[in-house]
Amino acid sequence: MKNIVVLISGNGSNLQAIIDACEQKKINGTLRAVFSNKADAFGLERAREADIPAHALSASQFSSREAFDRELMQEIDAYAPDLVVLAGYMRILSPEFVAHYQGRLLNIHPSLLPKYPGLNTHRQVLDNGDEEHGTSVHFVTEQLDGGPVILQAKVPVFAGDSEEDITDRVQHQEHAIYPLVISWFIEGRLDMRDGAAWLDDVQLPAQGYAADE
Ligand code: GRF
């Protein structure tokens with residue numbers, strides 16, 4: 001069984017979808033541990049509820065980002081992860097961390113990348129009057145929200161939608177596509193090479209699998 005470690009900072013609804021997919025054997029791997037940079041993250045409760053070791057590390061106890069990430073790497077590596085999954089982990093990663101897990105580090109970002117990297121994506125979609133929004137699962141590289149996209153899901157934006165409406169719509173899709181991509185990786189079907197994502201040895205286009213023509 002391959003080992004998965006998940007990093008969170010908050011609610012952990014994506015973590016829950018991954019826990020459920022593991023329990024239902026949709027992901028054929030073991031969720032070995034969950035780490036949070038926030039001790040009060042609800043996702044830690046979800047992990048404990050599922051009998052998964054749950055750890056919190058506070059940035060205030062470290063002198064630098066590098067020192068924090070070094071400790072985090074050591075603690076993660078104790079679980080010998082084949083895959084490290086960022087699921088709402090709201091902390092910039094040091095280059096050393098990214099390099100250490102390169103090729104086995106995934107993130108989910110709530111926009112149709114390369115549109116809207118960074119924060120407040122839902123707000124920007126509404127402010128710009130976009131008719132379409134979505135979410136992207138991608139490999140993590142040093143470029144913030146800039147690594148090769150593996151899979152996106154699109155959602156419509158309706159007149160009168162609130163930020164909460166579109167957040168819910170996007171999250172609903174996230175809970176479907178993140179476990180799916182993780183299952184591909186765990187089955188050995190997915191990897192990152194030459195700065196691109198590959199599924200079943202086919203290089204995926206810039207918008208990932210199932211991109212529009
Ligand atoms: C998700 O919408 C994800 O795209 C973003 O942060 C949010 C985390 O939500 N990176 P949750 O903690 O999984 O509920």
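Order of listing sets the numbers, starting from 1, for every ligand and every atom in it. Quick note: numbers below take in every heavy atom, side chains included, and nothing from hydrogens, waters or symmetry partners.
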Does D82 pair with R32 as a salt bridge, N-O distance under 4.0 Å? no
If you compare all heavy atoms of S183 against all heavy atoms of K26, which two are closest, and at what distance to 0.1 Å? CB-O, 3.3 Å
Would you mind checking if D69 and R65 are paired as a salt bridge, meaning a charged N to carboxylate O distance below 4.0 Å? no
Please work out which of S9, S136, G88, P110 has its closest non-hydrogen atom nearest to atom 8 (C) of ligand 1. G88
I'd like to check which ligand 1 atoms, numbered from 1 as shown, lie under 4.0 Å from a non-hydrogen atom of I108. 3 (C), 4 (O), 5 (C), 10 (N)
Under 4.0 Å between heavy atoms, the region of Q171 that gets near ligand 1 turns out to be side chain
Can any side-chain N or O of Q173 pair as donor or acceptor with the backbone N or O of K154 at less than 3.5 Å? no
Do we get R91 above F97's six-membered ring, with its NZ or CZ under 6.0 Å from the centre and within 45° of the axis? no
In this structure, does ligand 1 have an atom that sits under 4.0 Å from one of the heavy atoms of G12? yes
Does any N or O of ligand 1 fall below 3.5 Å from an N or O anywhere on T135, backbone included? no
Could you list which atoms of ligand 1 come closer than 4.0 Å to a heavy atom of E174? 1 (C), 2 (O), 3 (C), 4 (O)
Does any N/O atom on S13 come nearer than 3.5 Å to any N/O atom on ligand 1? yes
Are E45 and R48 close enough for a salt bridge, meaning some N to O gap below 4.0 Å? yes
